Asks: 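What follows is a structure written as structure tokens; I'll ask about it next.
None of the values given here were measured: they were computed from a predicted structure.
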Amino acid sequence: MAFFRSTPKLRLLATAAPLGLLAMVATPAFAQTAPAPASGGQATTDDQSQPDIVITGSLLSRADKETPSPVTILTSENLARAGITSAAEAIRSISADSAGSIGTGFQTGFSAGGSAVSLRGLGVSSTLVLIDGLRSTNFPINDDGHNAYVDLNSVPFSLIDRIEVLKDGASSTYGADAIGGVVNLILKKTFTGLAGNVEGGVTEKGDGSRYRASLTAGIGDYESQGWNVYLNGEYQRDGRISNNSRGFPYNTQDLTPIGGNDNNSADQSLTVNTPTAYVVRTTQGNLNNPLTGGTTVFNDAGQTYATYTALGIANCARPTYTVSTGSARGVGCPYDLTDLYRQIQPLQERYSVNGRLSVRLSNDIEGYVTGSFSRSYVNITSAFPSAIRQTQPFGGSPLVATSNPGIVLPVWICPSGVNCANPATAGRTLNPNNPYAAAFANDPGNGAARIYYLFSDIPGGSERTNDVYRFSAGLNGSFGDDWKWRVESVYAKDNLTLKQHGLINIAALATAINTGSYNFVNPQLNSAAVRAALAPDKVTPSDSSMFSLDASISKKLFDLPGGPLQFAIGGQVRRETLTNNNQNAALDTYGLTTSSAFGKHTVWAGYFEVDAPILKVLDVNVSGRYDKYSEGYGRFSPKVGIKFEPIPELALRGTYSQGFRAPTFAEAGPRSQYAGFVTTNPPGAFCAQHGGSNNNGACVTGGNPYNFSYSVGRGFAGNPNLKPEKSRSFTAGAIFQPARWFSATIDYYNVKKTDLVANGPLAGAAISAYYSVAANAYPSAAAASAAGCAAVAAVGAGYSCNLVDGVDPLFPNALPRVLIVNAPFVNVNSDTTEGLDFSATLTAPIGGVKFTSRVEATYVIRYDRDTAAGIQKFAGTLGPYDLSSGNGTPRIRGNWQNTLEIDNFSLNATAYYVGRIKEIGTDQGSLVTDCSANLYRVPASAPGYSAFCYINSFINVDLNASVKVNDKFTFYFNVGNVLNARAPVAPAAYASAPNFLTTWHYAGLVGRKFSAGANFKF
């Protein structure tokens, strides 16, 4: 009876089973367990007429397409039925894609413009992406400043025959990075005839247009003539969607209408940067340097407050507001900057040209050559205009910071910008931008104007052009007594050009202020030349490359009771390089990252695989691979898989594997470095010092913008002494097929990563340590920040303050905010994730009607990080919050596709489900599970704060109908998000994506959309 003893884990599994069934009836999918024939034209490779195929994760061909490892297969037919039109959409729809997944809608990260998959939530650098079983080069800019990945936007979608997603460790076959799993995009091998597609669409609100076209032409009957060649081209363009067009709550940081906090300071404070400039009188230490403004402002005569002046208030297009309390008073012009400037979807344009030649050189030898070029262009205008008050660039001198204590407008200006206060200077005049200039013409040191301003007449944003060249060639054949061999090589190069707009040049700003060339009173009068001089475009090229040569040989050695014993052995040599240039190498621009990464290495590898069908009902597969890196480290990765099929209707399977992830160039390169930012909330004790109050540790802002949530940075440098991350993974599952019309699979997975390469694992604790001194009394802001920085240093080796904010002008003796802490890359901690995958397919022909239903769902039982401070639990929360867009780990994801086919008409509905997410992130310096103690943007002081404890679950449904007119033409119509489901409110989301999660709820931001198109083939 001990075998049946209940344990917590068994009880949890028992609980998860009905949840999986629930997900089946409330979720989406278009996966199946075996490849279907390729669609479009006369594609002849890899279809079911062939007796043996090679499934991802194996070197050996087999007739049985169900391997010991769980593999999800997305066919081109089912993707078309779901209305999916890009590789990124297809792969990221897999339920196993979890925390760290990158969508193009996330526009403010390091990899804005790229798209990547994160199987099991272990990060994009722990998921290996292949094209026809071969690697490609990584996107030149690393996600989060250090995670490497292949940009899915570079893959030609119209050529995809199927996508195989191996949801299991596969380092034993492919080497590094295959910890969470492998995505293998399998393209058409041959094609004859002419086929194409045209499509157009738009959202219900008239924006977000989509235009798509593809054309493929091929000649040569491979079966009869022994050769085939085809060319393919495709184009896609997606239009912009603004936050303004989607309305509340996606266009604001003010959630007071629903009981949340008001984090929009631009309509209530005069000490924030807005398109209307606010000034107050202060001192200027060096009359030639506008960066030497005084630390204090002059109060009104006999008062404890200062009146701030709004320059050009007459130009305010909205009713003004008045601040009549506190130490900064006056009349202001209200703005909601999110509504004005943020966008949900950028402008995207992609095109590619691809070709392939396949040749049968003899009865025993075949060869191929492929070539492709793709360009992905992303135009992002989601950034706020540049602020005049900014910190120095990361690594720059604090003397160039415009916020410490603050940049000022001088009393006198002159054409040369030098010694303007000297009466002998030619052409000098009183500064028309400074309202105090006339009164202090004879005392310019006491008449400077501290200024708060956004350069609204200089649009911000970026253009990212990513060109990928990829060429591959291969030979395969057979000889002797059933020996098979293959030799393949691939070269890929990714050239990225990044053009940044609207960022202020440090020297040009000082010149514009001292000469008076920039009009702060009425910025619309500034000339294009003045704006271009102040904010010249910054263009930065970066690139990556990869070359590999693979060779293997296999043989069926002899027959066992269950079939032939197969053996394969092979080797690989691979060369990878990265040049991710520093966009701000001269440290001459405010607000521009200084992140960079450089590296190159060579990898040698040898691998083997043995497949032994010991019995008709029992198959054992063993594989292993050794990789040696030119950096000096090596790693052996073994794997064992077992499949047991006691009856035709049931098969049991399981695997055990070890793997590794090599440190990326950004993590280990001695020349690599970056600063990353996350949104944080100052604690209550800090806010109490700055005019707010402390509500049981939570901040009540008191209307002071210095107390509002803000972005805090962490600076990291590459560490050549890092070790590879190691993994241990096992799966156990079952395949059911009780009838020909129904099949189902259920698989348990458990993955543990150790020696995690962590970018400052105690960075959150370091930030908390800084603020731990907030309740203490200090004689000055400098003394308070020194105490805070000492607390940071006490956290551990490598932790220190890099940059502290300028003093709060309203409370100049209080503890300033910390802006950047230094933190090391180290091998530390371990991650363990486990869960259940479920899939089912039902096909029911009823008379002349065929009904097909496919479902796929993943339930995350746990995702834990074991740290010295305790266990951080991520499953069902926003953790790991530091990973990519900080969108967390939903406990349940799924998809459900239902198709009705009647003669030449097909109707398909595909539903997508994401479970609710708790708004906590235990990797942010606090191991709490109580929402009231860890809500980032809605503290307990807000009315009804508990309403924000969870981000609600989300379901959206896509509808697609198609009519096959004849063998040459098919027309289709798609309604995306047919029920117009809205994205659930997520107050803890990054400030750049206010109140929504781009990774999981993007369809709810776009809303209902329509598209129509036609496929043709001749």
Side-chain angles (χ1 to χ4, degrees), residues 265 269-273 278 280-286 289-299 304-306 308 326-328 387-392 394 396-408 448 450-452 680-694 699-713 766-795 799-822:
S265 59
S269 174
L270 304 175
T271 58
V272 295
N273 297 298
Y278 301 119
V280 65
R281 188 167 68 89
T282 187
T283 60
Q284 183 175 0
N286 181 344
N289 185 356
L291 303 182
T292 60
T295 59
T296 60
V297 301
F298 291 103
N299 289 334
T304 59
Y305 61 85
Y308 286 60
S327 57
I388 196 169
R389 294 174 60 85
Q390 297 198 51
T391 60
Q392 75 269 24
F394 181 70
S397 168
L399 297 178
V400 301
T402 58
S403 60
N404 191 17
I407 193 168
V408 295
R450 178 185 294 173
I451 182 170
Y452 300 79
T680 192
N681 249 0
F686 175 89
C687 295
Q689 285 192 345
H690 294 264
S693 59
N694 184 354
C699 174
V700 179
T701 66
N704 184 357
Y706 208 84
N707 289 334
F708 289 1
S709 61
Y710 72 105
S711 293
V712 61
I767 296 167
S768 296
Y770 177 87
Y771 283 115
S772 69
V773 307
N776 302 331
Y778 296 96
S780 66
S785 62
C789 290
V792 171
V795 168
Y799 292 90
S800 63
C801 288
N802 178 282
L803 180 63
V804 173
D805 201 358
V807 298
D808 181 354
L810 304 182
F811 300 90
N813 292 323
L815 176 71
R817 296 183 300 192
V818 62
L819 296 181
I820 300 177
V821 297
N822 294 321

Asks: State, with a plain yes or no, whether a side-chain heavy atom of R450 is found less than 4.5 Å away from one of R281.
Replies: no
Asks: Under 3.5 Å, side chain of T292 to main-chain N/O of N286, donor-acceptor pair present?
Replies: yes
Asks: Do any N or O atoms from the side chain of Q689 and from the backbone of P816 form a donor-acceptor pair under 3.5 angstrom?
Replies: no
Asks: Any side-chain heavy atom of S403 within less than 4.5 Å of one from T391?
Replies: yes
Asks: Are F394 and N802 side-chain neighbours, meaning at least one heavy-atom pair lies under 4.5 Å?
Replies: yes
Asks: Is there a side-chain contact between Y278 and N273 in this structure, where contact means two heavy atoms from C-beta onward sitting under 4.5 Å apart?
Replies: no
Asks: Is there a side-chain contact between L819 and V712, using heavy atoms and a 4.5 Å cut-off?
Replies: no
Asks: Please report the interatomic distance CD1(I451) to CD1(I407), rounded to the nearest 0.5 Å.
Replies: 8.0 Å
Asks: Apply side chain to side chain contact (heavy atoms under 4.5 Å, CB included) to the pair T282 and V408, showing each step before the final yes or no.
Replies: CA-CA 8 Å; T282 187; V408 295; 3.6 Å; yes
Asks: As an exercise, state the distance from CG of N822 to SG of C801, rounded to the nearest 0.5 Å.
Replies: 8.5 Å
Asks: Can you check side chain to side chain contact (heavy atoms under 4.5 Å, CB included) on D805 and V818, steps first, answer last?
Replies: CA-CA 6 Å; D805 201 358; V818 62; over 6 Å; no
Asks: Quick one: are Y799 and C789 in side-chain contact, heavy atoms under 4.5 Å?
Replies: no
Asks: Output yes when a side-chain donor or acceptor of S785 lies under 3.5 Å from a complementary backbone atom of A781, and no otherwise.
Replies: yes
Asks: Quick check against the 3.5 Å criterion: does T402 have a side-chain atom that pairs as donor or acceptor with the backbone of I388?
Replies: yes
Asks: Please name the pair of heavy atoms, one in T304 and one in S327, separated by the smallest distance, quoted to 0.1 Å.
Replies: O-CB, 4.1 Å
Asks: Just by distance, with hydrogens left out, do D808 and H690 show a side-chain donor and acceptor under 3.5 Å apart?
Replies: yes
Asks: Is the shortest heavy-atom distance from the side chain of V700 to the side chain of C687 under 4.5 Å?
Replies: no
Asks: As a quick check of understanding, evaluate side chain to side chain contact (heavy atoms under 4.5 Å, CB included) for R817 and Y706, giving each step before the final call.
Replies: CA-CA 8 Å; R817 296 183 300 192; Y706 208 84; 3.5 Å; yes
Asks: Does the side chain of F686 reach to within under 4.5 Å of the side chain of C699, using non-hydrogen atoms?
Replies: no
Asks: What's the shortest heavy-atom distance between L810 and A328, and which atoms?
Replies: CD2-CB, 3.4 Å
Asks: Closest heavy-atom contact between A791 and V773?
Replies: CB-CG1, 4.4 Å
Asks: Side chains of N813 and S780 only: does a donor on one sit below 3.5 Å from an acceptor on the other?
Replies: no
Asks: Closer than 3.5 angstrom, by distance alone: can the side chain of Q284 be matched with the main-chain N or O of N289 as a donor-acceptor pair?
Replies: yes
Asks: What's the shortest heavy-atom distance between A306 and V280, and which atoms?
Replies: CB-CG2, 3.9 Å
Asks: Which atoms form the tightest heavy-atom contact between S265 and V272, and what is the distance?
Replies: OG-CG1, 3.4 Å
Asks: Given the rule in the side chain to side chain contact (heavy atoms under 4.5 Å, CB included) test, do L815 and Y770 qualify, once you have shown the distances and angles that lead to the verdict?
Replies: CA-CA 10 Å; L815 176 71; Y770 177 87; 3.4 Å; yes
